[in-house]
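Read through the structure below, which is laid out as structure tokens, and then see the notes.
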Amino acid sequence: MQLAPYIDHTLLKATATSADIRQLCAEAREHQFYAVCVNPVFVPLCVAELEGSGVKVATVCGFPLGAVSSEQKALEARLSAEVGADEVDMVIHIGAALENAWDAVEADVRAVRRAIPEQVLKVIIETCYLSDDQKRGATEAAVRGGADFVKTSTGFGTGGATLEDVRLMHGVIAGRAQIKAAGGVRSPADAEAMIGAGATRLGTSGGVALVAGGGQTGEAQHRGY
């Protein structure tokens with residue numbers, strides 16, 4: 001399987017430098033990954049480094065905790081879009097999901113959707129903290145709020161994507177959105193299994209190793225995801 005078109009080549013660690021981001025972009029160009037995913041401060045650099053490559057620039061908002069107001073998330077997303085982000089991965093209000101406050105989760109997503117009507121919106125529900133019923137509720141709320149993708153994980157929680165969670169989300173979505181599996185995709189077998197379960201995008205810092213047919217290296221794991 002050709003994995004490169006599924007991969008968001010990711011570097012979200014606090015310790016990332018401009019040189020690290022340039023290397024990430026060079027790898028994405030070489031292997032023709034779908035996108036890079038970086039913190040908002042690096043969006044302009046990625047836009048410049050990837051000009052003409054066809055590789056998209058994705059960033060995050062409300063990351064990694066989701067514990068800021070909807071207005072703050074919307075502003076962060078809009079500012080990233082204004083400097084060239086093609087896609088935004090937002091984190092839901094996880095506390096609201098744990099309280100089964102689905103209207104609040106939906107409203108949070110909708111606020112960001114309205115702020116970036118032209119960009120791809122991926123909504124991270126952070127499955128590691130939720131029960132199966134809450135995963136279903138969060139997925140449904142994200143779709144109702146206007147998500148293009150529902151995403152499993154930030155890579156900074158207590159666990160990442162699992163096949164069971166991808167299958168659960170796939171059943172809830174029922175063709176209305178797509179799924180991004182992130183965290184724990186460390187081998188070609190992992191990647192192919194996630195795609196088989198319904199994921200159409202993979203968030204990983206180990207993209208180079210995946211397309212080379214190997215496992216994720218220690219250096220890649222250091223990048224997050």
Side-chain angles (χ1 to χ4, degrees), residues 3-66 68-92 108-124 142 145-151 153-156 177-183 199-208 211 220 223-225:
L3 295 176
Y6 291 90
I7 291 174
D8 284 358
H9 195 37
T10 300
L11 176 48
L12 293 166
K13 287 288 189 178
T15 53
T17 66
S18 296
D20 296 328
I21 297 298
R22 288 189 179 94
Q23 179 181 342
L24 187 85
C25 291
E27 291 168 351
R29 269 184 177 273
E30 178 182 355
H31 297 286
Q32 280 297 289
F33 295 132
Y34 190 89
V36 296
C37 187
V38 298
N39 281 305
V41 70
F42 290 120
V43 168
L45 175 59
C46 290
V47 170
E49 291 290 311
L50 293 168
E51 184 178 4
S53 70
V55 178
K56 304 293 186 183
V57 177
T59 191
V60 291
C61 84
F63 191 89
L65 302 179
V68 297
S69 71
S70 299
E71 292 80 7
Q72 288 170 300
K73 291 177 188 177
L75 178 59
E76 186 178 15
R78 180 174 63 77
L79 291 174
S80 290
E82 287 177 355
V83 294
D86 300 297
E87 304 188 351
V88 174
D89 294 24
M90 70 167 285
V91 185
I92 64 165
D108 194 43
V109 175
R110 193 174 301 281
V112 178
R113 173 76 287 168
R114 287 173 175 160
I116 52 165
E118 303 300 324
Q119 281 68 37
V120 170
L121 176 60
K122 309 191 202 86
V123 176
I124 306 169
D148 296 301
F149 283 77
V150 182
K151 178 177 169 183
S153 318
T154 62
F156 287 78
Q178 300 182 67
I179 296 171
K180 178 175 173 179
T200 53
R201 197 81 67 83
L202 305 172
T204 178
S205 58
V208 174
V211 297
R223 292 177 175 175
Y225 278 35

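Keep in mind that the numbers below use all heavy atoms, side chains included, and drop hydrogens, waters and symmetry copies.
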For [X] and [Y], work out which heavy atoms get closest and say how close.
{"X": "Thr154", "Y": "Pro64", "answer": "CG2-O, 3.5 Å"}
{"X": "Cys61", "Y": "Val88", "answer": "SG-CG1, 3.9 Å"}
{"X": "Val36", "Y": "Cys25", "answer": "CG1-CA, 4.4 Å"}
{"X": "Gly62", "Y": "Val68", "answer": "CA-CG2, 4.2 Å"}

Sorted by first residue and then second, give each side-chain hydrogen bond (donor to acceptor under 3.5 Å, both in side chains) pair with at least one member in residues 72-83; sequence neighbours left out.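 Those involving residues 72-83 are Ser69-Gln72, Lys73-Asp108, Arg78-Glu82.
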Keeping to residues at least two apart or across chains, list the side-chain hydrogen bond (donor to acceptor under 3.5 Å, both in side chains) pairs with something in residues 28-41.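 As it turns out, there is no side-chain hydrogen bond (donor to acceptor under 3.5 Å, both in side chains) pair with a partner in residues 28-41 once direct neighbours are skipped.
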Euclidean distance, Ile21 CD1 relative to Leu24 CG, rounded to 0.5 Å: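 Leu24 CG to Ile21 CD1: 5.5 Å, rounded to 0.5 Å.
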Pairwise distance NZ(Lys180) to CZ(Arg201) - rounded to 0.5 angstrom: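 Atom-to-atom, Lys180:NZ and Arg201:CZ are 7.0 Å apart.
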Going by atom type alone, with no hydrogens or angles, which donor-acceptor pairs under 3.5 Å involve a side-chain atom of residues 40-60 and a protein atom two or more places apart or on another chain?
from	atom 1	to	atom 2	distance (Å)
Ser53	OG	Leu50	O	2.6
Ser53	OG	Val55	N	3.1
Thr59	OG1	Val38	O	2.8

Qualifying residues under side chain to side chain contact (heavy atoms under 4.5 Å, CB included), relative to [X], sequence neighbours excluded:
{"X": "Ala142", "answer": "Val123, Ala147, Val150"}
{"X": "Ala81", "answer": "Ile116, Gln119"}
{"X": "Ala4", "answer": "Phe33, Val211"}
{"X": "Ala177", "answer": "Val143, Ile173"}

Ser153 (side chain) donor-acceptor with Ala182 (main chain) under 3.5 angstrom: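 Here the side-chain-to-backbone pair exists.
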Residues which pass side chain to side chain donor-acceptor pair (under 3.5 Å) with Ser18, listed by chain and number, not counting sequence neighbours: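 Listed in chain order: nothing, the list is empty.
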Just to verify, which of Ile124, Ile179, Leu121, Thr200 counts as forming a side-chain contact (heavy atoms from CB on, under 4.5 Å) with Phe149?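 Checked Ile124, Ile179, Leu121, Thr200 against Phe149; only one passes side-chain contact (heavy atoms from CB on, under 4.5 Å): Thr200.
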According to salt bridge (charged side-chain N to carboxylate O under 4.0 Å, His left out), does anything in residues 113-123 pair up with another residue at least two apart or in another chain? List the pairs.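 Residue pairs with at least one partner in residues 113-123: Asp8-Lys122, Glu87-Lys122, Asp89-Lys122, Arg113-Asp148.
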Within a strict 4.5 Å, meaning less than it, do heavy atoms of the Val208 and His9 side chains meet?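 With C-beta onward as the side chain, the pair touches.
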Could you go step by step and tell me if Val120 and Asp86 meet the side-chain contact (heavy atoms from CB on, under 4.5 Å) rule? CA-CA 7 Å; Val120 170; Asp86 300 297; over 6 Å; no
